[in-house]
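The structure appears below as structure tokens.
Model, not experiment: these values are computed from the prediction. Ligands are counted one by one from 1 in listed order, and the atoms in each one are counted from 1 as well.
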Amino acid sequence: MIAEMPPQLSLRTPIEELHKCGIGRLGPTLSHKLALALTTHLNRRTSTDVTVEDLLNYLPMRYEDRLKPAHIRDLKPGVEASLELHVKLSGGYEVSGRRSFRRSRLFIFEVSATDPERTGRDVMVWWFVSGRRSYDIIEYYKKRLARGCRFITFGKWEWDSRRATFALQLHKPADELEILPPSQAKMDIDEPREDEGEFEEPETDPQLAVIHTGRRVPIYRKLGEFSSKRLREIIHGILGELPEMPETLPADLRRRQRLIDRSQAVRLIHFPDEETPLSLYEQARSPAHARLIFEDLFWIALGISLKRGKRIKEAKSAGIHIDRPIKDRIGRVLPFKLTEAQRNVVKEIFKDLQSEAPMNRLLQGDVGSGKTIVALIAMLAVMENSYQTALMVPTEILADQHARNMKRLLAKTPYRVELLTGSLKAAEKRKLHADLAAGEIHLIVGTHALIQESVVFKNLALTVVDEQHRFGVMQRAELRARGMNPDVLVMTATPIPRSLTMTIYGDLDVSVINEMPPGRTPIETRVYGEEQRLEVKKLIASEVRSGRQVYVVYPLVEESEKIDLKDATRRYEYLRDTVFPKLSVGLVHGKMKAADKEQVMRRFVAGEIDILVSTTVIEVGVDVPNASVMIVEHAERFGLSQLHQLRGRVGRGAEKSYCILLTSDKKTADARERLGIMAQTNDGFLIAEKDLEIRGPGELLGTRQSGMPELSVANLVRDQLILENARKEAEFYIGKAAKSAEAAAMIERARNDRRFGLANVG
Ligand code: ADP
Ligand code: MG
């Protein structure tokens, strides 16, 4: 009989089929579970397309040096150490006196243990257990950490003076404690060990011990039900079976940047060598990290450079001069005194407008910092020079609000302001198109409708794009092509770190408004759980009683749009009919007809609606100074920058305002960390940096719009210098592509690789 050959393992092997390759004691069920866990982690839709490559991109969160585990006699208070220990005694007990304060009871699980050579007094390892399943958890650990069991644990040891021994508190025992196979060493085991749980079959294979001890080992965050140790075993198995991985970066580039080869880097990042200091690994600065980070960033940089194409260098045709009389006339339109920051930015823009080269400027300013008026001043300067100008915004509601404000402000000037959106009747649109072409409209406000084929300007000289991160690079280029190579001013409330703007927008100039208009009271932000709904209700009631208005926002995710919409609608009905039957409650969402949406927004702006339930359509720009409370439901589903934008909708008047971030019970550690930052700071820049760190650039810039690939190793905040290098190399390769077949082939590969989202690059 001929045994079936196991399939050859490769980077493209689906995780679902890992068991067929005989990896890491996996059966079909576990392979499937691993694929599912990885799919969830990666936010993918189907589990069939997660591969070995994806698993190898699941990097250790830290490393432990188990080459020479420490001994008890070496411990020092406050110093981290990894210890291999034998259990002497373990058990859980309830913490008394805390019950009246907490809903759930609180327990401590405690292990007293010794090192194999008994170099000091028995140490304590302990952690808190709470929640409904406390008893199960305690039982589970009692079994797994019965007398005689071996485990490895790592952390900061403290001196416990009451017990006169060292103690270590764990925060996530699943990550910080690792139970080892039964030892060959003689320990007095007086209890038979029971089955160890679902997939941790009794490990009799002494080979396994070689993976987990006596070397530097990776510690992974738990993935689904797969513990760090289990993942280590699987990844070790994969690396053992996997043939050399194909090299992706050109040899000359690797030489110049001193990067090790890919195969070696992937192996080392999981199982560090003994030569490189472990601290370099922990800081993501080992040669393995350097290589993989560079690769991540290089492909992004290459993709963006390709997308951006050649920047238009020829001189613009509009000649703009801004003299004293023009400045005076503009000054008369302004409803308030500009802040110092606004004045500085206006100066910079005026300089650009009057120069020969087209302006390409990014205006960054936190929500509410007053970008609109700056844009209007620039547009007025252009109109005073008899040119047309356009303001492009991402939503109809926002377009409508801007158009109305500008019409009001410019009522006494000779300039005609119009609104062009997709929801206009065909006849109305035709009329607007004709008037634009004839130069009878001076300032046009609109959505994407502005960049449709049939729109022709007589003499467009300045385009302002509000809330840039919602627009793609492509659309901006289109708009640019529509005019006479106009000046472009892009406004964003998302403070993008400098190096990132460089990479994404190339040689864009950046202006920053770093000062708020006077008379603002800081917004108070609170993170609440389900059990605090009553307080939320009281807050809403009291604010409405004193004449203020409230936003209640629901997330609307494209993937689960229908369910989300139902959710928001149901809550709206509940608030209207049951919770606040005496108040006026409104609903607005993206799927409503534009006219209906507008109707609701108008009523909210006019103060006829007390509580506005909405999906994220209100996220950008709409200004209702009387609104003082922002409630965000399922806050954990929003990105930080998005939350910051939402929060910016309140606190626009002098009254105190509140932002309540409501989360469901199942907060992940990530979400908790993120939301905590919101309560700590109102600084949009800090928040954006944090967001970038936690969620990557895709979230910050809008993945779909920006076409940014997900990063596996790189961190755009931490790795800005590497990014800068990668950008230079990318430019170099694009320049070289015409001359070298190798460079051209590499660029072609990048174009065709779906990971880089470049398929539609022209
Ligand atoms: P954003 O930068 O978020 O677009 P806006 O331009 O909408 O902010 O401005 C927020 C609010 O602050 C608006 O109501 C605007 O009228 C007001 N505002 C802007 N600049 C000033 C200023 N210098 N003094 C007083 N109020 C101002
Ligand atoms: Mg704005």
Side-chain angles (χ1 to χ4, degrees), residues 330-347 349 361-380 390-411 443 445-447 463-471 489-496 510-523 549 551 601 604-607 616-628 630 641-655 657 659 682-685 687-688:
I330 293 174
R332 257 173 261 142
V333 170
L334 300 184
F336 37 66
K337 199 166 159 287
L338 293 185
T339 62
E340 176 85 27
Q342 284 170 323
R343 270 205 303 280
N344 288 337
V345 171
V346 167
K347 256 187 233 153
I349 294 173
R361 186 170 285 279
L362 179 72
L363 173 53
Q364 294 187 341
D366 214 342
V367 244
S369 63
K371 296 184 288 295
T372 319
I373 198 74
V374 170
L376 184 65
I377 292 170
M379 293 196 283
L380 266 169
L391 172 64
M392 191 158 87
V393 299
T395 64
E396 297 215 351
I397 290 178
L398 193 54
D400 177 60
Q401 188 172 55
H402 275 313
R404 261 185 297 139
N405 278 342
M406 294 190 171
K407 271 183 193 167
R408 187 166 43 78
L409 287 170
L410 302 189
L443 193 171
V445 181
T447 55
T463 299
V464 180
V465 183
D466 193 10
E467 311 294 352
Q468 157 63 16
H469 62 291
R470 300 219 140 191
F471 280 102
L489 179 67
V490 175
M491 305 195 285
T492 178
T494 312
I496 307 165
V510 181
S511 293
V512 181
I513 305 185
N514 53 4
E515 177 187 7
M516 285 288 170
R520 299 273 170 89
T521 315
I523 304 160
Q549 288 162 283
Y551 289 105
M601 280 317 289
F604 190 62
V605 173
T616 34
V617 288
I618 58 145
E619 184 186 335
V620 241
V622 185
D623 198 12
V624 182
N626 190 47
S628 64
M630 165 69 58
S641 293
Q642 230 180 343
L643 287 174
H644 185 66
Q645 302 272 318
L646 280 172
R647 177 165 66 181
R649 298 301 111 218
V650 297
R652 303 209 144 201
E655 306 301 314
S657 295
C659 171
N682 263 317
D683 181 337
F685 190 82
I687 289 170

Report task. Looking only at non-hydrogen atoms, find the nearest pair between Gln342 and Gly370 and report the distance. Result -> NE2-O, 2.9 Å
Report summary line: For Lys371 and Leu363, the nearest pair of non-hydrogen atoms, with its separation, is CD-O, 4.0 Å
Requested in this report: Take every heavy atom of Gly365, measure it against each atom of ligand 1, and state whether any distance is under 4.0 Å.
Outcome: no
**Report entry** Pro518, any N or O under 3.5 Å of ligand 1 N or O
**Finding:** no
Query raised in the report: ligand 1 and Gly368, any nitrogen or oxygen pair closer than 3.5 angstrom?
Result: yes
Report task. Going by heavy-atom distance to atom 1 (P) of ligand 1, choose the closest among Gln401, Arg649, Lys371. Result -> Lys371
Query raised in the report: Got a sec, which residues hit side-chain hydrogen bond (donor to acceptor under 3.5 Å, both in side chains) with Ser369, two or more places apart in sequence or on another chain?
Result: none
**Report entry** Any residue meeting side-chain hydrogen bond (donor to acceptor under 3.5 Å, both in side chains) with Thr372, in chain and number order, not counting sequence neighbours
**Finding:** none
Query - Interatomic distance, Ile513 atom CD1 to Glu340 atom CD [nearest 0.5 angstrom] - result: 12.5 Å
Could you tell me which atoms of ligand 1, counted from 1 in the order shown, lie closer than 4.0 angstrom to a heavy atom of [X]?
{"X": "Thr372", "result": "4 (O), 5 (P), 6 (O), 7 (O)"}
{"X": "Pro517", "result": "18 (N), 19 (C), 20 (N), 21 (C), 22 (C), 24 (N), 25 (C), 26 (N), 27 (C)"}
{"X": "Leu338", "result": "23 (N)"}
{"X": "Lys337", "result": "22 (C), 23 (N), 24 (N)"}
{"X": "Thr339", "result": "23 (N)"}

**Report entry** Pair His644-Asp366, side-chain donor/acceptor within less than 3.5 Å
**Finding:** yes
Report task. Taking Glu515 for its side chain and Ala341 for its backbone only, find out whether a donor-acceptor pair lies under 3.5 Å. Result -> yes
